[in-house]
Amino acid sequence: MDFLAGLNPQQREAVVTVDGPLLILAGAGSGKTRVITHRMAHLIQDRGIPGYAILAVTFTNKAAGEMKERVLGLLGGARSSAPNVSTFHSFCVRLLRRDGVNLAQLRPGFTTAFTIYDHDEQMAVIKQTYRALGLDDKFMQPSAALSRISHGKNQKETPQDFYKNAKDPKMSRLAVVFEQYEARLRTNNALDFDDLLLESVRLLLHDDAVRMNWNQRVEYLLIDEYQDTNRSQYELMRLLAGARHNVCVVGDEDQSIYGWRGANIRNILDFEKDFRGAKVIRLEQNYRSTKNILDGASAVVARNTERMGKWLWTEADAGERIGLYEAWDAENEALFIADTIDRLLSANPKQQVAVLYRTNFQSRQIEEALRRYGRAYSVVGGFSFYQRAEIKDILAYLKLTLSPNDSMAFSRIINTPARGIGKTTLEGVEIFSNTNNISMWDAMCRMLDANQLPARAQAALSGFRRMMEEARQELAGQPVHDILGNLLERTGYRAMLKEDPSPEAEARLQNLEELLNAASEADERGETPVTFLDHAALVAEADSVDDVASISLLTIHNAKGLEFPVVFLCGMEENLFPHSRSLASESLIEEERRLCYVGMTRARRRLYLSWARQRRRYGGGPAEASMPSRFLAEVPTKLLEPLTPGRQTPQVDLYAERHHVQEAARRNSFTGKTYNSLENISQFFNDRGVAAPAPARKDPNPFPVARPAAAAPAAAAAKPAVAAPAAASSPARKTRGSRVGAVVRHPKYGRGTILRKEGDGADAKLTINFPGHGLKKLFEKFAGLTIEE
DNA sequence: AGCGGTGTCATTTTT
DNA sequence: TGACACCGCT
């Protein structure tokens with residue numbers, strides 16, 4: 001087979017350039033996967049490279065699987081010549097299990113039988129350390145603590161670094177949490193997702209034999225979605241590339257949207273500097289979208305400064321203009337979308353449509369609207385099979401059977417099903433295990449042997465111990481399916497669900513049956529229980545989400561890599577998209593802009609952008625007036641088709657003006673929280689002597705009869721040209737410096753940090769953390785505070 | 001041990 | 001609004 005046939009010149013070059021470092025900048029819809037798969041097939045068939053000497057790394061199992069299948073298809077299905085295609089994480093697990101023995105020198109307690117902690121288990125560890133340290137959520141959301149720790153780990157920071165760099169008591173406490181978190185993972189011989197990468201890097205760095213072995217074996221290395229790699233993935237790549245530098249990275253800096261998760265866009269921007277003599281090939285011909293869509297998206301992303309620069313072109317027709325709908329409120333926006341979809345589907349029932357949004361909560365109103373039209377839809381994302389409680393429970397039993405010292409598994413199922421082991425008992429075991437630095441299982445055994453527990457607890461725990469010990473003896477060496485089936489009976493888990501008459505319990509039983517099926521299949525492949533568990537930990541979706549549903553609802557993040565003939569990109573409003581939390585810095589805004597680009601380029605034929613003049617953020621809360629997203633102003637006017645009834649031209653001049661003024665306001669940087677739009681907006685109306693817009697009325701026939709677009713208060717709200725500066729200089733912003741986070745001095749308690757502020761001005765109530773004195777709630781006017789920072 | 005009331009807080013989430 | 005943690009009651 002000729003692997004170059006049907007490729008454009010740049011694609012061909014990317015396929016045949018196999019030696020030396022190569023960066024393939026693959027724009028959206030430029031045939032990236034085609035190039036990658038053809039390149040591998042070319043290496044194997046035309047250049048005689050054995051499959052095992054090629055390692056391709058992707059981010060998702062789905063991508064890995066598809067890529068492998070496609071290469072095999074090109075090669076005519078000879079499995080023996082298949083290249084190695086795997087995700088970063090599963091590659092690392094295999095590496096560590098196979099070659100990780102010497103890691104024990106670097107990581108005390110490490111054995112190749114380690115367990116993997118997923119997000120839930122990481123959270124559980126964080127909560128344990130909170131309990132052990134007597135911290136509560138007010139200190140910091142556990143999820144926030146986890147994400148900061150994870151971020152730190154990916155930057156190679158240690159708890160000591162955290163401590164050293166701590167600017168306030170909060171950060172030094174976080175350092176302690178970090179330290180304990182790491183210690184707990186080590187005592188449990190557990191690795192979190194970050195560790196899989198970090199420890200693989202350490203292993204390759206320190207174990208010369210292992211590194212040389214891999215360097216010898218991997219002749220050609222390929223990294224997909226390179227713009228999303230983080231620091232340790234980068235280091236891993238360098239180590240695997242060895243001295244040969246036959247490394248091909250494929251990516252698109254304009255689609256880097258996971259910076260918040262530690263992805264480092266500099267990796268792709270600096271590739272040419274990192275690898276001297278690197279060749280760069282740009283794939284700029286787009287085969288997906290119409291010219292109008294492509295030009296619109298390109299114009300938006302062109303505003304970014306952190307990019308290599310590409311200009312996508314297409315041979316396709318201009319197509320229709322990009323629809324722009326300005327809704328009165330979110331409900332009206334949802335109805336517009338549902339109505340338009342309804343008409344599209346009536347005309348063509350096979351039409352595939354996607355509705356994309358920035359945040360999940362937006363899906364609710366769209367769903368409601370679609371239900372009103374009686375249209376079936378599917379929401380993509382959400383809970384995956386292996387994240388379900390019942391699956392995790394029974395897998396925890398399996399883990400505990402294999403390794404009793406897995407304390408996470410232990411505390412997960414110790415009282416599931418209920419066997420009379422309560423909070424108090426469990427706390428006792430936990431404290432004992434903490435103070436003696438032993439596993440929960442060992443702690444339980446020691447306590448049982450000491451025979452000092454209350455009779456009830458003693459009986460319950462010893463029953464549990466006997467059950468697990470018997471299971472361990474009887475089930476050793478059996479197929480995974482049999483072990484799981486036996487555990488379901490033995491532990492009473494199945495009985496518990498059978499007794500429960502609720503439909504949920506029925507669904508859970510079915511899920512467990514599905515798990516048993518998966519186990520049988522694993523047995524047929526000759527997998528061990530450990531491999532089976534690895535798979536469960538690393539596979540996000542049981543089977544891919546690719547339903548054939550004609551209406552898909554999903555976040556833009558989830559839409560990456562997908563394409564649809566018709567796309568609605570909704571909620572194009574400031575503070576929502578770009579998200580309020582991204583307003584703080586230009587680089588965050590740039591990531592939002594890339595996200596916008598990703599969303600727009602999902603569309604093949606027809607793209608609709610929409611925004612709502614007012615929107616409730618939280619169900620019953622007040623409707624907040626919104627400003628159109630700056631990204632709307634960045635789409636050239638001539639490409640837009642205004643769809644709002646009664647409006648002939650899109651008001652992009654307004655958007656542009658707003659954007660301009662807002663930029664200026666931001667440069668005058670006022671310090672308070674910028675996302676408190678409620679305050680800003682009411683202030684704005686006060687200043688202008690206008691009543692704030694009333695919450696949206698329930699309209700009996702809300703669509704397609706749109707409300708008059710210029711209903712007075714809303715029109716005022718939509719003229720934000722003056723709103724931003726007004727808010728910036730408003731007296732409400734004047735505080736006495738006692739903002740949250742400020743360091744203050746109290747005559748008695750000394751230095752402290754303000755954690756919370758209720759109320760304003762002199763009546764403000766402050767919650768302050770004074771190291772050594774704990775939290776104090778004080779009235780600002782009585783406290784006699786002085787501001788230090 | 002388990003239930004129900006109350007208070008609090010809200011991005012995105014490939015592994 | 002809705003998911004959740006926490007508290008106090010039984």
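Here is the naming used below: chain letters follow the sequence lines, and residue numbers restart at 1 for every chain. Heavy atoms only: backbone and side chains are in, while hydrogens, waters and symmetry mates are out.
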Remember a base hit wins even if backbone is also touched, and classify [X] as base, sugar-phosphate or nothing at under 4.0 Å, heavy atoms.
X	answer
A:Ala63	nothing
A:Tyr258	base
A:Gly561	nothing
A:Ile556	nothing

(request) Compare side-chain N and O positions of A:Ser90 against OP1 and OP2 of B:dT15 and report whether any pair is under 4.0 Å apart. (result)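 For B:dT15, OP1/OP2 do not have a side-chain N/O of A:Ser90 under 4.0 Å.
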
Just how far, in rounded Å, is [atom2] of [N] from [atom1] of [X]?
X	N	atom1	atom2	value
A:Lys127	C:dC6	NZ	C1'	12 Å
A:Leu562	B:dT14	CG	C1'	12 Å
A:Phe361	C:dG2	CZ	P	14 Å
A:His151	B:dT12	NE2	P	16 Å
A:Phe88	B:dT13	CZ	P	21 Å
A:Arg617	B:dT8	CZ	P	21 Å
A:Asn558	B:dT13	CG	C1'	8 Å
A:Asp194	B:dT14	CG	P	15 Å

(message) Looking at A:Arg581 and B:dT11, is any side-chain donor or acceptor paired with a base atom of the opposite kind under 3.5 Å?
(response)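 By the distance-only test, no, there is no pair.
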
(request) Indicate, yes or no, whether a donor-acceptor pair under 3.5 Å links the base of B:dT11 to the side chain of A:Arg261. (result)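 Not at all, since no donor on one side and acceptor on the other fall under 3.5 Å apart.
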
(message) Can you give me the closest heavy-atom contact between A:Leu25 and A:Ile268, atom names plus distance?
(response)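 Taking A:Leu25 first and A:Ile268 second, the nearest heavy atoms are CD2-CD1, 4.0 Å.
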
(request) Taking A:Asp252 for its side chain and A:Asp254 for its backbone only, find out whether a donor-acceptor pair lies under 3.5 Å. (result)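 Yes, the answer is positive, given that a donor and an acceptor are paired below the 3.5 Å cut-off.
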
(request) For nucleotides B:dT13 and C:dC4, find the distance between their P atoms and express it as a whole number of Å. (result)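 B:dT13 and C:dC4 have their P atoms separated by 16 Å.
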
(request) Step by step, work out the side chain to side chain contact (heavy atoms under 4.5 Å, CB included) result for A:Arg107 and A:Leu191. (result) CA-CA 11 Å; A:Arg107 187 180 170 103; A:Leu191 303 184; 3.3 Å; yes

(message) Before you tell me yes or no, could you show the steps for A:Thr359 and A:Gln362 under side chain to side chain donor-acceptor pair (under 3.5 Å), namely the whole-Å CA-CA distance, both residues' side-chain angles and the distance that decides it to 0.1 Å?
(response) CA-CA 6 Å; A:Thr359 65; A:Gln362 294 173 63; 3.0 Å; yes

Where the side chain of [X] is defined as all heavy atoms beyond and including C-beta, which of [options] is the nearest nucleotide?
X	options	result
A:Arg358	B:dT12, C:dT1, B:dT14	B:dT12
A:Phe193	B:dT15, B:dT12, B:dG2	B:dT15
A:Asp228	B:dT13, B:dT14, B:dA1	B:dT14
A:Thr60	C:dT1, B:dT12, B:dT15	B:dT15
A:Thr424	B:dA1, B:dG2, B:dT15	B:dA1
A:Asn61	B:dT15, B:dT13, C:dA5	B:dT15
A:Asn360	B:dT14, C:dA5, B:dT12	B:dT12
A:Gln141	B:dC9, B:dT11, B:dT13	B:dC9

(message) Less than 6.0 angstrom separating the ring centers of A:His557 and A:Tyr258, yes or no?
(response)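 Between A:His557 and A:Tyr258, the centre distance is under 6.0 Å.
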
(message) Ring centroids only, cut at 6.0 angstrom: are A:His579 and A:Trp260 within range, meaning strictly under it?
(response)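 No, too far apart.
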
(message) Under the criterion of centre distance below 5.5 Å and interplanar angle below 30°, is A:His579 classified as stacked on the base of B:dT11?
(response)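 Stack criterion met.
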
(request) Determine, answering yes or no, if A:Trp260 is stacked on B:dT12 under the 5.5 Å centre rule and the 30° plane rule. (result)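 One would call A:Trp260 stacked on the B:dT12 base.
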
(message) If you assign A:His119 and A:Arg419 each to the DNA chain B nucleotide with the nearest heavy atom, which residue ends up on the more 5' nucleotide?
(response)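 Comparing both residues, the 5'-ward one is A:Arg419.
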
(request) Map A:Glu591 and A:Asn415 onto DNA chain B by nearest heavy atom, then report which one ends up closer to the 5' terminus. (result)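 Counting from the 5' end, the first nearest nucleotide belongs to A:Asn415.
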
(request) Let me know which of A:Arg615, A:Arg630, A:Arg358 forms a salt bridge (Lys or Arg N to Asp or Glu O under 4.0 Å) with A:Glu574. (result)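 Of the listed residues A:Arg615, A:Arg630, A:Arg358, the salt bridge (Lys or Arg N to Asp or Glu O under 4.0 Å) partner of A:Glu574 is A:Arg630.
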
